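Chain naming here is simple, since letters A, B, ... match the order of the sequence lines and numbering starts at 1 in each. For the numbers below, each heavy atom of this structure counts, side chains included, while hydrogens, waters and symmetry mates do not. Predicted model only: the values in this text are computed from it and were never measured.
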Amino acid sequence: MIRVHDTLQRRKVDFLPIDPSHVRLYACGPTVYGLIHIGNARPLVAFDVVARHLRARFPKVTYVRNVTDVDDKIIQRAAEAGEEPQALAARFAAEYRKDAEALGCLPPDVEPRVTTHIPEIVALIETLCARGVGYVVDGDVYFAVERFAGYGELSGQPLDQLESGSRVEVDERKQSPLDFALWKSAKPGEPSWPSPWGAGRPGWHIECSAMAERYLGVEFDLHGGGVDLIFPHHENERAQSQGAHGAGTFSRHWLHNGFVNFNDKKIAKSDERMQRLLKRAFTLRVLLDRHGGEAVRFFLLTTQYRHPINFEVLGSPPQDGAAVGPGSGSPPQDGAAVGPGSGSPPQDGAAVGPGSGAERGGEGDELRFPGLEEAERQVEYGYLTMRRLGEALAVGKDPGAGPVLEEAAGWLGELGEALDDDFNTAGALAALQQGLGVANRLLDGKLAAPKDVKRRTLMRLAADLAAASGELGLLCADPATWLSAHRARRAAARKLDVAAIEAAISERAAARAAKDFARSDAVRDQVKLLGVELMDGASGTTWRVAD
RNA sequence: GGCGCCGUCGCCAAGUUGGUAAGGCAACGGACUGCAAAUCCGUCAUUCUCCGGUUCAAAUCCGGACGGCGCCUCCA
C-alpha cells in the first residue's frame, strides 16, 4: 500500500487510485525562459521517482508534465534578446529536455505545451463564463473567486485574510481583488491567439487545468509541483477545474516538493550578488557538466521530497568584476549567454589533456559543492560494485535454481517499502547501499557460502540492483561506460594529461616486474601529486582521479 | 496580520496513526596490499533544541519557550 502526504488533507493518506488499472499523475513543469537551475531540478527528479514507483506498483500510469511556453517573462526575455518569444521558448524547452535527460528522468507520457492547447483553454474559459464564475472585462476574462465556494481549501487561506494581505496593486476592473486572469487581451507586439473575447493569451493558471483535463480526464489521482505553487497556482487551477466541472473533480491528491535552499536561504530570497552568481554559475547545466547528472540526482534523492534540501557552496564566490564597477546595473545575460550549442557535454576523448581550453572563463571554478561531491562518490561506489559484479558473473556457469544467502534477500523489499511510504527516497537509498555492501562482501569472500549458492546470490543481487535502478533512476548506465566518462570528466576538470598518466603506469609496471619498488613507489607518488590514484588489480593497473 | 514547515551524533539524513534512535560522510582502530587505492570489519547519540503535561511507555501526542525557514498573485 502506497501512502502519500496530501497537501489538501494535510496528512499522510492511503493512496487508492480512482482506477487501479490506470493511475494518472500531473506535474507542473517549468516556464521556459532560460536555463533551469538546481531548484527546478528537484520537482523533475522527485516526480520522476513518483512515476517510476507508481509504475512498479500499478499496471498502467499516465504521467503528464507540461511546459509553459507563453508567459510574461518569456515575452520580456525575448524582447531583450531581440528574438521571437516562441523561438526563445522552443530553444529553452529543448535545453530543459536535455537537462531532464541528464538527470535520468524518463520522458513523461505526455509533455503538453500551452501554445498547442489554446482551443482547450478557450473552451474551458467558455465553460467557466457559462457557469457564471468567469466574467469578461474589455477583452480580459477573470475568475470570480467569491463565486467559487471551495476557494482557499488547498492552501488553507481564509479569503478575508488573503484580501487584507494582498500587497499588489489592485486592478479596479476586477470584481474582487482576489480574482485572477483566465485570458489576457493582447498588447501590441505580444503573441496572441483569437478568442471569443478578442485576441489574447491564456492567464497563468488556466493551461494546467485545460491540459490535465485533456490528457487525464476531469478527475485524476495526483498533482505535483513545488510548495510555492500551492498558492496561488494550484489553488487557482483547482478553482478553475472545479468551477467548470463541480466539486470533487480535478486531482484527488496534491503532492508538493520542498525547496532547494541556497546556503540555507531560498534562492530567490538570497541577496542580489548571490542571485547573480546563481544565474551565471549555478545553472543546472554547470553542475551537470561538473559532477554528472547522476550525482545531482543522487543528491536530490538523499532528502525526502517534501523537506527542504540545502545546497551548500564552499569557497569564495567568483569576483563580480565588471558587474560591480562603474556602469554596473546591466541585468545578468544568462539568457543570451547560453545559446544553442554552448552546453555540449564533455567529450570523453577530446576533453582530456592539458590543452582543453573549454573552461567557462574560470567562473565558479574555485567553488565547491560538498553535497554533489559526496553524491558523486556514492554513485561511483555503486558503479564500481556493479562492475565487480559483472566481472564475477562473466565467468562460470549457471548454478540453477536454489537458495540464496539471506543477507542478499531483504534489501530490495525494504527499498520498495521506503518508496511506498510517501516516496521516501532517503530510506530507499539506505536500502540500496545495504545491497551494494552485501555484494562487495560476497565478492570479497567475506560471506561463507557454497559455490553455487554464492553464484546464485550474485545473480540475484545483479537482478535486484537492476530493479532498484529502474525505480530510482540511478545506476542505469553500463558501469564501464559510466566509470570511464566519470574519469574523463574529472581528469578534464583537473586538466590531466591522460597519455602521460598511462605512460607512467607502463613505466611503473616495468619497474614492478623488475621488483624495483623504489622506482614503482616514486611513480605512484608522482601521479599522486596530480591527484591520480593508481589501483593495482588482478588484471593490471587502473587509475582514478582522487576525491 | 493570516497560513504553514522545520530543529535527531562533527556534517548529511531516516524514523513523527507512541513501544524503547536506520543509513551515509568524516574520524579513529583493523583486515587486505611489496607500498597504495578500491573493498571489507570494528568503534562512534541511554539520547532526539529547551521546559512542562498526557501515558505502563514519547524523538514521535498536547501546551509553552527559543531558534531557523517558507507562502500570502505570475518564483520549483
Task: Closest to the A/Lys184 side chain, choosing from B/G34, B/C74, B/C75 - done: B/C74
Open item on the list: Can you identify which nucleotide, out of B/A76, B/U73, B/G34, has its nearest atom closest to the A/His37 side chain?
Closed with: B/A76
Open item on the list: Suppose you measure atom C1' in B/U16 against the same atom in B/C28; what distance do you get, rounded to whole Å?
Closed with: 34 Å
Open item on the list: On the nucleotide B/A13, are OP1 or OP2 found under 4.0 Å from the side-chain N or O atoms that A/Thr303 carries?
Closed with: yes
Open item on the list: Tell me if the side-chain of A/Ser520 makes a donor-acceptor pair with the base of B/G34, cut-off 3.5 Å, by modelled atom types.
Closed with: yes
Open item on the list: On RNA chain B, does the nearest nucleotide to A/Gly39 precede the nearest nucleotide to A/Ala431 from the 5' side, or the other way round? Give the residue.
Closed with: A/Ala431
- [ ] Please work out if A/Gln434 contacts a base, only the sugar-phosphate, or nothing of the nucleic acid, heavy-atom cut-off 4.0 Å.
- [x] sugar-phosphate
Open item on the list: In whole Å, I'd like the distance from the CZ atom of A/Phe299 to the C1' atom of B/C11.
Closed with: 13 Å
Open item on the list: Quick check on RNA chain B: between A/Phe231 and A/Lys73, whose nearest nucleotide comes earlier from the 5' end?
Closed with: A/Phe231
Open item on the list: Show the nearest heavy-atom pair for residues A/Ala408 and A/Leu461, with the distance to one decimal.
Closed with: CB-CD2, 3.8 Å
Open item on the list: If you only use heavy atoms from C-beta on, which nucleotide in B/A76, B/C25, B/C35 is closest to the side chain of A/Glu374?
Closed with: B/C25
Task: Donor-acceptor side-chain pairing of A/Gln433 and A/Trp411 below 3.5 angstrom - done: no
Open item on the list: Restricting to non-hydrogen atoms, name the atom on A/Ala428 and the atom on A/Leu419 that form the minimum distance, rounded to 0.1 Å.
Closed with: CB-CD2, 3.8 Å
Open item on the list: Rounded to whole Å, please give me the gap between NZ in A/Lys515 and P in B/C35.
Closed with: 13 Å
Open item on the list: Is a donor from one side chain sitting under 3.5 angstrom from an acceptor on the other, for A/Asp420 and A/His53?
Closed with: yes
Open item on the list: Under 4.0 Å, counting only non-hydrogen atoms across every strand here, what does A/Gln157 touch: a base, just sugar-phosphate, or nothing?
Closed with: base
- [ ] Fit a plane to each ring of A/His256 and A/His234, take the angle between them on a 0 to 90° scale, and name the class: parallel (under 30°), tilted (30 to 60°) or perpendicular (over 60°).
- [x] tilted
TODO: Determine, step by step, whether A/Phe92 and A/Thr31 satisfy the side-chain contact (heavy atoms from CB on, under 4.5 Å) criterion, reporting the C-alpha distance in whole Å, the side-chain angles of both residues, the deciding distance to 0.1 Å, and the verdict.
DONE: CA-CA 9 Å; A/Phe92 284 115; A/Thr31 300; over 6 Å; no
TODO: Between B/C48 and B/A13, how far apart are the C1' atoms? Round to whole Å, please.
DONE: 13 Å
Open item on the list: Heavy atoms from C-beta onward define the side chain here; which of B/C74, B/C75, B/G34 lies closest to that of A/Tyr33?
Closed with: B/C75
TODO: Please report, rounded to the nearest Å, how far the P atom of B/U73 is from the CZ atom of A/Arg238.
DONE: 19 Å
- [ ] Identify whether the distance between the nearest side-chain nitrogen and carboxylate oxygen of A/Asp72 and A/Lys187 falls below 4.0 Å.
- [x] no
Open item on the list: Return a single string for nucleotides 37-44 of chain B, one symbol per nucleotide in 5' to 3' order, where B is base contact, S is sugar-phosphate-only contact and - is none, cutoff 4.0 angstrom on heavy atoms.
Closed with: BSBBS---
Task: Ionic contact status for A/Asp69 with A/Arg113, cut-off 4.0 Å - done: yes
Open item on the list: Quick check for you: to the nearest 0.5 Å, what is the distance between A/Leu393 atom CG and A/Arg388 atom CZ?
Closed with: 13.0 Å
- [ ] For B/G18 versus B/C62, give the span between their C1' atoms, rounded off to a whole number of Å.
- [x] 13 Å
Open item on the list: Please verify the inter-ring angle class for A/Tyr151 with A/Phe148; under 30° counts as parallel, over 60° as perpendicular, anything in between as tilted.
Closed with: perpendicular
- [ ] Please report, rounded to the nearest Å, how far the P atom of B/U8 is from the NE2 atom of A/His307.
- [x] 12 Å
Open item on the list: Can you check the distance between B/A27 and B/C9, where both ends of the measurement are the C1' atom (answer in whole Å)?
Closed with: 12 Å
- [ ] Determine which bases of RNA chain B form Watson-Crick or G-U wobble pairs with both distances under 3.5 Å, and write the result as a 5' to 3' dot-bracket string with | for other-strand partners.
- [x] ((((((((.[[[..)...(...]]].(((((.......))))).....[[[[[..)....]]]]])))))))....
TODO: Enumerate the residues from residues 417-427 of chain A whose closest heavy atom to RNA chain B is under 4.0 Å, giving them by residue number; use none for an empty result.
DONE: A/Asn424, A/Ala426
- [ ] For nucleotides B/U55 and B/A21, find the distance between their P atoms and express it as a whole number of Å.
- [x] 23 Å
- [ ] Indicate whether the side chain of A/Tyr26 and that of A/Asn66 have a donor and an acceptor atom separated by less than 3.5 Å.
- [x] yes
Task: Nearest-Å distance once atom C1' is located in both B/A37 and B/C44 - done: 25 Å
Task: Ion pair A/Arg441/A/Glu407, N-O distance below 4.0 Å - done: no
Open item on the list: Looking only at the side chains, is there a donor atom on one of A/His205 and A/Glu237 sitting less than 3.5 Å from an acceptor on the other?
Closed with: no
Open item on the list: Parallel, tilted or perpendicular: which one describes the rings of A/His223 and A/Trp254, with boundaries at 30° and 60°?
Closed with: parallel
Open item on the list: Roughly how many Å apart are B/A45 and B/C11, using the P atom of each and rounding to a whole number?
Closed with: 15 Å
Task: Per A/Lys266 side chain, nearest of listed nucleotides B/A22, B/C25, B/C75 - done: B/C75
- [ ] Mind checking A/Arg519 for me? I need base, sugar-phosphate or nothing, with any heavy atom below 4.0 Å counting as a touch.
- [x] nothing
Task: Whole-Å distance separating the CD atom of A/Glu414 from the C1' atom of B/G15 - done: 14 Å
Open item on the list: Can you check the distance between B/A31 and B/G23, where both ends of the measurement are the C1' atom (answer in whole Å)?
Closed with: 23 Å
